[in-house]
2 protein chains.
Amino acid sequence: MVVHRTATWAGYGPGVARQSVPAGSSAQIVRVLADELADLPSGTRVASEAEVGRRFGVGRAAARAALGELERRMLVSRIQGLGTFTRRRVDYLVAPGRAPSWSRTLREAGAEPRTVVLACDAVPLPPDVAAALEVPTGTRGFRLVRRSHIDEMPAAWGVEWLTADLVPELPTALRLEESLDTILRETAGVRPERAWTRASVEPAPEEASDGLGCRPGDPAWLMASLARDGAGGRPLLSTERWVRADAVRVVLELGHGRDT
Amino acid sequence: MVVHRTATWAGYGPGVARQSVPAGSSAQIVRVLADELADLPSGTRVASEAEVGRRFGVGRAAARAALGELERRMLVSRIQGLGTFTRRRVDYLVAPGRAPSWSRTLREAGAEPRTVVLACDAVPLPPDVAAALEVPTGTRGFRLVRRSHIDEMPAAWGVEWLTADLVPELPTALRLEESLDTILRETAGVRPERAWTRASVEPAPEEASDGLGCRPGDPAWLMASLARDGAGGRPLLSTERWVRADAVRVVLELGHGRDT
DNA sequence: CAGTGGTCTAGACCACGGG
DNA sequence: CCGTGGTCTAGACCACTGG
């Protein structure tokens with residue numbers, strides 16, 4: 001058995017500070033509450049700051065720090081005037097072969113999706129979008145702004161673009177059917193498939209945090225994607241969406257032995 | 001021009017609380033400091049809590065809240081006993097065609113990578129690893145624990161597995177060459193390529209936050225991946241690494257017109 | 001209205017790092 | 001030693017929610 005350890009181990013490597021674990025009482029409280037929360041169903045009310053303070057014999061600041069830490073770990077949501085509630089994160093797997101439908105993906109995960117149309121404007125497509133959709137700049141299309149909810153909580157928000165010829169009566173269609181995927185399949189007679197997706201995590205800018213109903217700076221996924229008709233067919237839909245990291249556990253998968 | 005707005009817009013959709021933007025003075029301070037920080041080079045010292053308090057005429061709590069918010073937005077790092085410093089995030093693009101080498105990717109981004117070996121043990125491969133590497137359970141291999149730094153700050157930590165026959169003298173080789181990719185190419189004569197990768201963001205568990213030198217619960221990428229020799233050749237390396245989200249802006253790209 | 005979380009002050013002690 | 005950030009108390013006011 002060979003063991004090899006570098007000399008820099010003790011001091012945590014080259015010139016790096018060892019961040020001390022908070023040893024205060026709130027760290028203990030976090031542990032206790034996190035354990036208790038683990039078993040509760042989503043949406044369950046959690047003790048308030050005052051209750052936590054009384055129970056553990058600490059002031060409000062310490063109780064508040066503990067609950068804030070639970071929120072940072074995405075175990076609870078805190079709503080002013082209402083209280084603190086357990087929260088679950090829904091898994092959202094993004095992989096080359098998977099269908100790009102939000103509602104279907106979430107329903108498979110056992111959640112209740114719901115999408116609200118904030119705007120649906122017929123406009124000439126701007127250059128970057130037109131290029132992605134492979135049509136001339138200025139082609140008429142729809143600019144769609146929607147917010148999606150999971151269990152009635154906002155989870156995603158963003159802009160989607162598609163050419164107008166696909167579904168000329170899109171605003172009407174959206175009144176009858178929430179799923180854009182379904183509308184495209186049944187009205188436009190196409191089969192949307194994920195062509196490419198680009199994803200990362202960023203602190204939500206104000207624009208996004210407004211749409212997501214969260215605070216600016218909260219971690220959120222920024223996902224851009226393009227859907228095509230069938231395998232490599234014409235581009236159908238260009239999307240740029242923000243997804244709350246505390247609502248959805250996005251998992252991205254590249255390759256599967258299939259890629260280079 | 002068609003405009004369509006849902007009736008639920010005003011109240012923020014179905015039963016959803018509008019989270020108020022913190023209107024206090026610390027929000028103003030955050031804006032001012034964030035603007036000033038934007039131009040500074042990475043590692044620059046930022047005003048301390050006391051200085052911020054004096055400058056803006058607020059108590060320490062408000063000043064501290066502002067600096068804490070900047071840290072949450074990954075604009076600064078705060079180190080006890082040292083101070084608050086600007087920090088940059090290095091871009092790390094993960095895409096089907098890209099090479100899986102950490103050091104090369106970071107050098108291309110203009111950063112100075114450095115990897116420290118924490119452990120390099122010759123062990124029989126456990127079942128799950130053996131299955132991924134497509135060898136019988138118990139095949140002799142190396143269990144490698146390493147931490148990678150960017151500009152001397154810990155950024156990634158995790159376990160890597162490979163069969164022992166590839167580089168029998170791995171501990172020695174690692175003393176001479178940091179890059180596992182280079183060792184595999186030059187000593188084992190193989191061409192490691194990314195076969196698949198799975199990535200998500202999680203609050204770092206204690207195990208990971210210890211290795212990353214951050215606090216438990218800080219957002220971190222969990223990336224598992226398998227490298228193969230050439231295009232679809234034999235499996236070489238199975239990896240599970242944690243990457244600090246405040247150090248690396250991981251961007252994942254699926255497809256490119258090439259996928260289904 | 002009472003209860004919740006969001007913000008803030010003033011003051012304190014501690015752990016840590018550097019001179 | 002001093003200055004840094006990390007934690008905590010006690011108390012205050014505010015914004016928001018529900019009944």
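Lettering follows sequence order; numbering is per chain, from 1. Atom set for the values below is all heavy atoms of this structure, side chains included, hydrogens, waters and symmetry mates excluded.
Map B:Glu51 and A:Val58 each onto its nearest nucleotide of DNA chain D; the residue landing nearer the 5' end is B:Glu51.
Atom CZ of B:Phe56 and atom C1' of C:dT9 are 18 Å apart (whole Å). For the pair A:Gln80 CD and C:dG3 P, the interatomic distance rounds to 17 Å; values are reported in whole Å. If you measure from atom CD of A:Glu71 to atom P of C:dT4, you get 17 Å, rounded to the nearest angstrom. The separation between A:Phe85 atom CZ and C:dT4 atom P is 11 Å, rounded to whole Å. Atom pair A:Arg45:CZ and C:dG5:C1' shows a separation of 11 Å (rounding to whole Å applied). Rounded to an integer number of Å, the gap from B:Arg64 CZ to C:dC8 C1' is 15 Å. Separating the CD1 atom of B:Ile29 from the C1' atom of C:dT9 is a distance of 13 Å, rounded to the nearest angstrom. In this structure, the CD1 atom of A:Ile79 is 10 Å from the C1' atom of C:dG5, given to the nearest Å.
Geometrically, B:Arg241 does not engage B:Trp221 in a cation-pi contact, judged by NZ or CZ lying under 6.0 Å from the ring centre and within 45° of the ring axis.
A:Thr84 pairs in a side-chain hydrogen bond (donor to acceptor under 3.5 Å, both in side chains) with only one of the listed residues (A:Glu71, A:Arg78, A:Glu49, A:Glu51), which is A:Arg78. The residue from A:Arg114, A:Arg87, A:Arg88 that alone fulfils the salt bridge (Lys or Arg N to Asp or Glu O under 4.0 Å) condition with A:Asp151 is A:Arg88.
Contact check, B:Arg78 against D:dT4: no side-chain N or O comes under 4.0 Å of OP1 or OP2. Taking 4.0 angstrom as the limit, B:Thr84 places a side-chain polar atom (N or O) nearer than this to OP1 or OP2 of D:dG5. For B:Ser25, no side-chain nitrogen or oxygen approaches OP1 or OP2 of C:dT7 to under 4.0 Å. The shortest distance between the side-chain N/O atoms of A:Arg60 and the OP1/OP2 oxygens of D:dA10 is not below 4.0 Å. Side-chain N/O atoms of A:Ser48 include none lying less than 4.0 angstrom from OP1 or OP2 on C:dG3.
Within the 4.0 angstrom heavy-atom criterion, base atoms lie near B:Ala61. Within 4.0 Å of A:Gly59, counting heavy atoms only, lie sugar-phosphate atoms of the nucleic acid but no base atom.
You'll find that the side chain of B:Ala50 is closest to D:dT4, out of D:dT4, D:dG6, D:dC8. Closest to the side chain of B:Ser26, from the set C:dC8, D:dG5, C:dG17, is C:dC8. Comparing atom distances between the A:Glu49 side chain and each of C:dG5, C:dC16, C:dC8 picks out C:dG5 as nearest. Comparing C:dG5, C:dT7, D:dT7 by their closest approach to the side chain of A:Arg215 singles out C:dT7.
Here the side chains of B:Arg146 and B:Leu180 are in contact, with some heavy-atom distance below 4.5 Å. Within the 4.5 Å cutoff, the side chain of A:Trp161 has heavy atoms near those of the A:Val159 side chain.
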